[in-house]
Amino acid sequence: MNSEELRKSFLDFFKSKGHAIVLSSSLIPDDPSVLLTTAGMQQFKKYYTGDLDAMSDFKSQRTASAQKSFRTSDIEEVGDKTHLTFFEMLGNFSFGPVGSDKPDDLGTDGYFKRSSIHWAYEYITKVLNIGLDRIYVTVFEGNDEVPFDEESYKIWHEEIKMPKEKIVMGNRADNFWGPTGDSGPCGPTTEIYVDGVEVWNVVFNEYFQEKGGKLRKVENPGVDTGMGFERLLSVLQAKESVFETDVFGDLVSKIKEQAPSLENKENIVRVFADHLRGSIFLIADGIRPSNKEAGYVLRRLIRRLLAYEVKYDIHSNFFPEAIKIIKNKFVEVYPELNNDKIILDVLEDERTKYQEAISLGAKEIERLNVLGEKITGAIAFNLYQTFSISPEITLELAKNVDKDNFQKEFDQESKKHQEISRAGVEKKFGGHGLVLDTGELKAGSEEEMKKVIRLHTATHLLHQALRDVLGDGVEQRGSDINPERARFDFLFNRKLTADELKKVEEIVNEKINQELPVRFKEMPKEDAEKTGARKFFKGNYPPTVKVYYIGSEDDILGAYSKEFCGGPHVENTSEIGKFKIIKEEASSAGVRRIRAAISG
Ligand code: SER
């Protein structure tokens with residue numbers, strides 16, 4: 001049986017039992033307390049509570065559907081044989097007052113445990129022809145709040161003749177379902193396993209869970225069943241995993257064809273196939289990548305796909321192909337897939353945004369990969385600071401990762417960074433026995449202070465000279481000055497050449513020889529920003545700031561160097577003396593470090 005036949009056979013079966021067939025609802029739920037549609041019952045919540053009347057809307061108190069569903073709870077499991085983010089769920093439902101609850105009652109009134117269990121068993125064994133030897137079931141064992149589901153047990157054992165050893169007791173975690181969202185219908189379940197795989201969850205909504213968790217018994221109990229479509233298919237088609245069934249077959253073969261590097265990387269192929277299909281369905285229902293809620297879920301899926309494209313060299317023209325395959329396979333059931341052009345636009349648009357954000361960072365990771373460097377949490381934090389590469393993406397792209405300490409170190413760095421930012425450009429004269437301690441400048445005596453101040457002005461010149469030679473991408477990432485040397489960290493992606501270093505040094509010395517004035521003006525932060533003065537990227541500046549500028553008495557805009565800075569500085573560049581670069585090296589990912597000294 002292929003997927004189209006299975007869907008049809010399920011719906012036909014329940015139609016023959018008096019059920020109205022209801023189309024799948026959107027993946028965007030009505031219920032604002034849930035992010036995405038996670039189960040077939042969600043669109044029917046109001047029929048269980050009596051707020052809506054199934055008889056007037058569907059001409060039956062019984063419905064059945066094949067429902068698009070999406071769960072983020074198992075996202076880390078995707079890649080194994082059974083877990084998916086997006087999946088379909090086959091389900092039958094009953095609302096309102098229970099009628100005869102006899103399996104041969106093919107009318108339209110509500111039913112409960114007897115009919116549900118008999119029909120489920122009939123469908124599995126008679127329609128799908130699965131033998132009893134491959135089946136076992138579970139029943140809720142009871143706890144303090146909710147009693148043992150004896151009724152279901154008896155139906156299985158006494159009416160269906162299920163042997164006792166095939167009826168397994170399950171606890172609250174395994175055999176009690178719901179609610180979705182912050183409140184709603186819920187109750188004990190009985191579940192059917194085939195070949196050890198859970199395929200059908202039959203829920204008896206005898207309770208309503210209030211916000212806060214309190215359960216109350218409902219007047220009209222309902223039925224909510226859900227059968228994992230892809231899992232059932234894998235059982236029927238005797239496939240090892242859901243990815244080998246016909247719902248995934250073409251997509252998976254195409255991925256393998258496009259990316260020979262994925263040979264023997266079955267789990268990556270599976271994640272790729274799952275996320276691609278999931279993204280397409282989310283977009284088709286109107287979700288757009290963003291930084292919050294469902295949009296963020298979508299963004300995470302797509303960005304993982306894009307990271308994999310780079311990492312595994314998957315042909316980048318693959319999205320149109322994939323959309324075509326998914327559309328062909330599902331459009332008859334889910335006509336929203338006719339939006340294939342929009343779907344492609346959304347994917348490509350996100351690709352552009354992603355590439356802008358991370359291309360530099362990805363290159364940096366690639367460079368570190370080539371060097372065989374271990375990517376630590378601290379490096380990942382730096383990549384995040386510098387290139388907006390999330391730690392997840394770093395983990396995807398990095399070849400060599402210190403997995404054990406990764407998250408801990410990332411968090412530590414992040415905390416440290418917050419503290420540094422808070423300290424900001426605060427000046428602390430006299431702290432720790434130092435004559436001068438601004439955080440950036442440290443001197444223990446008057447004499448040392450003079451030297452440090454000269455180095456400080458030299459650092460401003462160095463910053464501008466680096467921009468002159470290497471371009472506007474150069475941005476200060478750190479500065480630390482003591483009487484021996486200035487240490488300056490800045491954003492740049494590779495080692496500087498000897499030639500570049502020489503040029504930078506020459507420019508600084510030229511500015512020193514020109515005997516340029518060094519001045520500052522205090523002004524509102526907004527005005528300072530308009531001057532184009534360099535700002536420390538994480539500085540928390542007060543409403544009024546000082547801008548130090550070099551090369552002009554009065555004209556900030558025309559000055560050679562200008563920076564937000566608390567000072568202090570020399571009055572004239574001639575006081576600096578001779579400037580020399582001592583060393584250039586990597587400080588961390590994407591950040592270079594120069595040490596420089598002065599003499600004379
Ligand atoms: N709501 C239950 C589930 O999602 C049965 O449909 O498993």
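Numbering of ligands and ligand atoms starts at 1, following listing order.
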> If you count only heavy atoms, which residues are under 4.0 Å from ligand 1?
Ala39, Met41, Arg71, Met89, Trp177, Asn201, Val203, Asp224, Thr225, Gly226
> Could you verify whether a donor N or O on one side chain and an acceptor N or O on the other, from Gln67 and Ser25, lie under 3.5 Å apart?
yes
> Under 3.5 Å, is there a donor on one side chain and an acceptor on the other for Gln42 and Thr38?
yes
> Is it true that Asp149 and Lys113 make a salt bridge, defined as a side-chain N closer than 4.0 Å to a carboxylate O?
yes
> Classify the ring geometry of Tyr123 against Phe14: parallel below 30°, tilted from 30° to 60°, perpendicular beyond 60°.
tilted
> Is the closest side-chain donor-acceptor distance between Ser261 and Asp313 under 3.5 Å?
no
> Suppose the criterion is side-chain hydrogen bond (donor to acceptor under 3.5 Å, both in side chains): which pairs have a residue in residues 162-171, not counting sequence neighbours?
none
